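Data first, discussion second: the structure below is written as structure tokens.
Note that these values count all heavy atoms, side chains included, but never hydrogens, waters or copies made by symmetry. Predicted, not measured: the structure shown is a model, and the values here were computed from it.
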Amino acid sequence: MLRPPSLLLKDATVVATMDDAGREIEGGGVLVRGHTIEAVGPTRELPAAADEVIDCRGMVVLPGLVNTHHHFFQTLTRAVPAAQDAELFGWLKALYPLWARLTPEMLNVSAQVAIAELMLSGCTTASDHLYLFPNGGRLDDTIEAARMLGLRFHACRGAMSVGESAGGLPPDALVEREDAILADTRRVIETYHDPERCAMLRVAAAPCSPFSVSTDLMRETAALATAYGVRLHTHLAESDNDVAYSRERFGRTPAQYAQDAGWTGDHVWHAHCVKLDAHGIDLFARTGTGVAHCPTSNMRLASGIAPVRRMLDAGVPVGLGVDGSASNDSSHLLAEARQALLLQRVGGGPAALTAREALALATRGGARVLGRDDIGQLTPGMAADIVAFDLADVGFAGAGHDPLAALVFCAPARAALSVIHGRVVIRDGHLTTVDLPPLVERHCALARALVRGECAATDPPRGTLAEWSPTTRS
């Protein structure tokens, strides 16, 4: 039987393992065999030969970053004027009519762009929450994009079922029947979910939010997830209006509502939780319920400062999410780690979050939130998801005193190298799995058509994506 190919990353300025001991290895290296890590240590203690050897001198090497919350489709509606200066509910109401025009091609192309941007920021695993499916769109459209680019992917089958006429926030035209939602959730789980260790694709069940689905759907989805052994994801306690809706509609705080609906436990993670109260923090800590912290989006929409320090001290699992690119306008996960540090310090002082804690949220923390024990650190047996940043970049000039902390304190950089599942997907700062210029050109054309309402004239019939999609490279 042939031995799997090997890859050696050697002579890094520092390898930050993010392991249980927090080892940082100067002059370190990582040996990959096939899809997993075989050895980590000083380069002099590793084998000198491999099928491929990459010199990482002048670089910081660390585990691939993990993004726990995103909405890929929103890259098409960045900086839309009508939504630039609104809080959450007003922002959504301004964008719902545009999103109602989304097509399958738009879902696929926007996902490719979001994934490319994430990967260039050092992300190797991402979760995406797709909760509306107009005009024949399906979760499959984003799954195809992740496979094309080589991202480790957690696809969340979202949903909205309570429209304005029934007291919800979204327009009636954007909601689905609940029986259809549950049926399609079963379909995508049965078709795509891979529970095996080092899986490249998993599926989660993810009704959008308490203000867009019924309590019955929340409960039925929780039961479905238990039956299939998959995770649950939704938005919770994001803003004051979100909390007010929960109290008025359900007579409960968001955390109490989640508990009553069966949405707590170590298989559940909630996005935002900006307004999670003391009871909620204690509940999440006791049950192992995770939180996707999205600091830039929370600032952009003036939602507030999530109590991350208190969550961490209580033992709540916390990871980072860039959130949708219409409330962040960026899909840069390393930038999100920096924002997490800065925002906690605004509310809690200079010791509220350290640079290493911010990077832990982006690696180990995200892995825990997504229920992964095979990513988030560089140790033997873990999936070979590794990124490196080049300290020769002008943004790091003068920051050699602590190269690892520089990744957070200095201007967010692009990854110079990225390995996902043992495969080099970024080399010398360039993606190897997609040709970006034609992708960006098509994406911009679709974005213009979406906002102007010209979608029908630009969208090819379903099933012809290959006619325009940028050529992938093996």
Side-chain angles (χ1 to χ4, degrees), residues 65-72 123 125-131 152-159 185 189 193 195 199 201-210 213 218-219 221-226 228-238 242 254-276 280-295 297-298 303 306-308 310-312 314-324 333 336-337 340 360-376:
L65 308 185
V66 180
N67 178 35
T68 61
H69 185 67
H70 206 326
H71 307 292
F72 291 167
C123 178
T125 299
S127 168
D128 180 57
H129 191 187
L130 180 58
Y131 54 81
R152 196 178 300 276
F153 190 37
H154 284 235
C156 297
R157 205 300 181 181
T185 302
I189 293 171
H193 180 68
L201 177 59
R202 290 185 179 169
V203 175
C208 182
S209 62
V213 300
M218 293 289 283
R219 289 175 175 152
T221 304
L224 182 153
T226 298
Y228 279 98
V230 301
R231 301 180 72 75
L232 290 168
H233 183 50
T234 193
H235 298 84
L236 195 77
E238 184 174 353
D242 193 355
Q256 290 168 336
Y257 175 79
Q259 185 176 29
D260 290 348
W263 276 70
T264 56
D266 61 7
H267 64 302
V268 182
W269 86 104
H270 296 279
H272 301 296
C273 296
V274 175
K275 303 298 180 179
L276 199 64
I281 292 173
D282 177 67
L283 172 67
F284 281 25
R286 285 188 288 105
T287 58
T289 305
V291 171
H293 175 44
C294 307
S297 175
N298 299 157
S303 298
V308 170
R310 284 190 286 141
M311 292 181 193
L312 293 173
V316 176
V318 181
L320 293 182
V322 299
D323 200 14
L333 192 52
E336 212 63 30
L361 292 179
T363 51
R364 292 174 60 99
R368 183 183 177 194
V369 164
L370 294 184
R372 305 290 301 234
D373 63 359
D374 52 2
I375 61 173

Determine whether the side chains of R231 and H154 contain a donor N or O and an acceptor N or O closer than 3.5 Å.
no
Do we see a donor-acceptor contact under 3.5 Å between the side chains of H69 and D323?
yes
From L320 CG over to N67 CG, what is the distance, rounded to the nearest 0.5 angstrom?
8.5 Å
To the nearest 0.5 Å, tell me how far D128 CG sits from C156 SG.
7.0 Å
Who are the side chain to side chain contact (heavy atoms under 4.5 Å, CB included) partners of R368, not counting sequence neighbours?
P317
For the residue pair H235 and H272, categorise the inter-ring angle as parallel (less than 30°), tilted (30 to 60°) or perpendicular (more than 60°).
parallel
Please verify the inter-ring angle class for H71 with Y131; under 30° counts as parallel, over 60° as perpendicular, anything in between as tilted.
perpendicular
Is there a side-chain contact between [X] and [Y], using heavy atoms and a 4.5 Å cut-off?
{"X": "L312", "Y": "L361", "value": "yes"}
{"X": "L65", "Y": "T363", "value": "yes"}
{"X": "M218", "Y": "W263", "value": "yes"}

For [Y], does its backbone N or O pair with a side-chain atom of [X] as donor and acceptor, under 3.5 Å?
{"X": "H70", "Y": "S127", "result": "no"}
{"X": "T264", "Y": "Q259", "result": "no"}
{"X": "W269", "Y": "T68", "result": "yes"}

